[in-house]
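The block underneath contains the structure these notes are about, expressed in structure tokens.
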Amino acid sequence: MKLGTFRVGHQAPRIGIVHAGDSRLFDLAAAARRAGNDVAPFVSMLTLIESGESAIELAQSLFEARAGDDDLSISVSNVEILAPVPEPRQMRDAMSFPLHIRQGLRAIAQLAAADRRTITTDSDAGPLPELPEIYRKVPIYYITNRLIVRGPGATIRWPRYSRVMDYELEFGVFTRKTEANISARRASEHIFGFTIFNDFSARDMQQIEMQGRLGPAKGKSFDGANVLGPWIVTPDEIGDPYDLVMQARVNSEVWSRSTSKGMLFSFEEMIEYMSRDETIFAGEFIGSGTVGNGCGLELGRFLEHGDTVELEVERIGVLKNQVERQDP
């Protein structure tokens, strides 16, 4: 099942099943109301997640019974598509792809040394550093701001304190249960669905902050920095999440192609680690980290005012946003 959150005009957000080749949204609350069912599970994506398997089964049965009711579906072109979960319960972002880690370490050092917007990516840059062993020992992640999430189509305002703006191609999962001490063997039961994540980054500020050895702050936290969407796709429609084609385009030019293969830790292993003596709540988002070659930092190319970024992940969709500089 493919699910989305949308808004018509100035009305409250709604949730729906995406169908007809991703061109229409089936309004779940309206369908439940017509069928005489409780609409409470369909007030938001969070309430659907928290309502459990029975709510998913009801959503599926409503769609099967009433997909032919034309007035229960609306064209995607006539609505504002929001982030699937506009305010996740929590947001955790990992570093799972070794090529990105190694290339990122080299590039951020060059950026610091040169204090400029261009970095060397060819053989003159020297060999890649070895992957620090810590990344193989435990899933490394940080907690980011869940209240600054935007969705597809949103214009992302470049923070005034930064000259070097970058995108990051990621995907991730939303959790479906509230529990602590979850084994990796059982963790797949805790995955509600998958979505795309663009972790916009102010690279020059990030480079300064990371010298403090505490993690990113303003390099990653500004309004609109965390973009999710366009949909949540349930695991039964994803198949193998560790073999998905991923692509980044800027102004329709392909900047990179990659796959989700080769993650240092699976989402199941991340959930096991994150939940050690800590409750993981239904509706949390966990990001994969940037795929290899999945950001401008690795490629020696950064975003400019007015650029349009499209991140595509197989079986999920395309997450598209524009970036704009703000006046000083």
Side-chain angles (χ1 to χ4, degrees), residues 4 22 76-77 80-84 86 91 93 95 97 99-100 103-104 107-108 111 117-119 121 144-145 148-172 194-206 216 218-233 244-260 285 287-326:
D22 292 3
V76 167
S77 62
E80 177 188 4
I81 306 298
L82 306 176
M91 290 191 73
D93 194 20
M95 292 186 71
F97 291 98
L99 181 61
H100 168 72
Q103 292 187 152
I108 203 75
L111 193 65
R117 298 196 53 197
T118 57
I119 55 179
T121 57
T144 187
N145 190 341
I148 58 172
V149 168
R150 300 291 187 271
T155 298
I156 307 306
R157 306 294 181 186
W158 200 316
R160 293 180 177 88
Y161 51 78
S162 173
R163 296 184 299 113
V164 188
M165 185 70 159
D166 202 0
Y167 68 91
E168 298 200 47
L169 172 57
E170 307 188 26
F171 77 126
F194 295 80
T195 195
I196 304 171
F197 179 35
N198 193 338
D199 173 28
F200 279 105
S201 300
R203 290 298 190 193
D204 44 353
M205 182 58 70
Q206 181 188 8
K218 299 304 292 179
K220 299 280 190 177
S221 289
F222 48 89
D223 288 343
N226 295 330
V227 185
L228 298 171
W231 322 117
I232 291 178
V233 183
L244 301 175
V245 175
M246 304 173 71
Q247 185 179 106
R249 299 184 292 272
V250 178
N251 301 327
S252 300
E253 177 190 352
V254 176
W255 278 24
S256 66
R257 292 185 180 91
S258 193
T259 75
S260 59
F285 174 77
S288 64
T290 306
V291 68
N293 291 323
C295 65
L297 180 71
E298 296 174 76
L299 306 174
R301 307 176 71 177
F302 295 106
L303 299 176
E304 300 291 349
H305 172 73
D307 281 351
T308 296
V309 181
E310 295 176 282
L311 304 184
E312 183 171 4
V313 178
E314 183 182 9
R315 302 194 192 115
I316 299 177
V318 178
L319 180 60
K320 182 177 181 179
N321 298 93
Q322 187 176 57
V323 296
E324 288 186 357
R325 286 187 183 273
Q326 300 183 77

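We count residues from 1, following the sequence as given.
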So do [Y] and [X] actually touch side chain to side chain, heavy atoms under 4.5 Å?
{"X": "D223", "Y": "R150", "answer": "yes"}
{"X": "K320", "Y": "P230", "answer": "no"}
{"X": "V250", "Y": "L303", "answer": "yes"}
{"X": "R301", "Y": "E253", "answer": "yes"}
{"X": "V233", "Y": "T195", "answer": "no"}
{"X": "W255", "Y": "L169", "answer": "no"}

What's the separation between atom [atom1] in [X] and atom [atom2] in [Y], rounded to the nearest 0.5 Å?
{"X": "Q322", "Y": "T308", "atom1": "CD", "atom2": "OG1", "answer": "4.5 Å"}
{"X": "L228", "Y": "L82", "atom1": "CG", "atom2": "CG", "answer": "11.5 Å"}
{"X": "E314", "Y": "T259", "atom1": "CD", "atom2": "OG1", "answer": "9.5 Å"}
{"X": "L244", "Y": "I316", "atom1": "CG", "atom2": "CD1", "answer": "6.0 Å"}
{"X": "D307", "Y": "I156", "atom1": "CG", "atom2": "CD1", "answer": "13.0 Å"}
{"X": "E310", "Y": "N321", "atom1": "CD", "atom2": "CG", "answer": "10.0 Å"}

Return the minimal non-hydrogen interatomic distance between [X] and [Y], and the atom names on each side.
{"X": "V149", "Y": "A83", "result": "CG1-CB, 3.6 Å"}
{"X": "S221", "Y": "Y161", "result": "O-OH, 3.7 Å"}
{"X": "F302", "Y": "M165", "result": "CB-O, 3.7 Å"}
{"X": "L311", "Y": "I196", "result": "O-CD1, 3.7 Å"}
{"X": "V313", "Y": "E170", "result": "CG2-O, 4.5 Å"}
{"X": "S288", "Y": "F97", "result": "OG-CE1, 3.8 Å"}

Quiz item: According to the interplanar angle, ranging from 0 to 90°, do the rings of F285 and F197 count as parallel (below 30°), tilted (30 to 60°) or perpendicular (above 60°)?
Solution: perpendicular
Exercise. Using the side chain to side chain donor-acceptor pair (under 3.5 Å) rule, pick out the option among D199, N226, D93 that qualifies with T144.
Key: N226
Quiz item: Would one find more than 12 heavy atoms of other residues, nucleotides or ligands at under 6.0 Å from atom CZ of R249?
Solution: yes
Exercise. Using the side-chain contact (heavy atoms from CB on, under 4.5 Å) rule, take N293 and S258 through it: C-alpha gap first, then chi angles, then the decisive distance, then the call.
Key: CA-CA 7 Å; N293 291 323; S258 193; 5.7 Å; no
Practice problem: Without swapping roles, check the side chain of D166 against the backbone of S201 for a donor-acceptor pair under 3.5 Å. | Solution: no
Quiz item: Side chains of D204 and S162: do they bring a donor and an acceptor to under 3.5 Å?
Solution: yes
Quiz item: Judged by modelled atom types alone, do R160 and Q326 share a side-chain donor-acceptor pair under 3.5 Å?
Solution: yes
Practice problem: Decide yes or no on side-chain contact (heavy atoms from CB on, under 4.5 Å) for S260 and V291, but give the supporting numbers first. | Solution: CA-CA 7 Å; S260 59; V291 68; over 6 Å; no
Practice problem: Evaluate the side-chain contact (heavy atoms from CB on, under 4.5 Å) criterion for residues H305 and E324: first the C-alpha distance (whole Å), next the side-chain angles of each, then the deciding distance (0.1 Å), finally the verdict. | Solution: CA-CA 5 Å; H305 172 73; E324 288 186 357; 3.9 Å; yes
Quiz item: By side chain to side chain contact (heavy atoms under 4.5 Å, CB included), which residues pair with P216, not counting sequence neighbours?
Solution: Y142, M210, K220
Quiz prompt | Lys/Arg N to Asp/Glu carboxylate O, R203 vs E168, below 4.0 Å | solution = yes
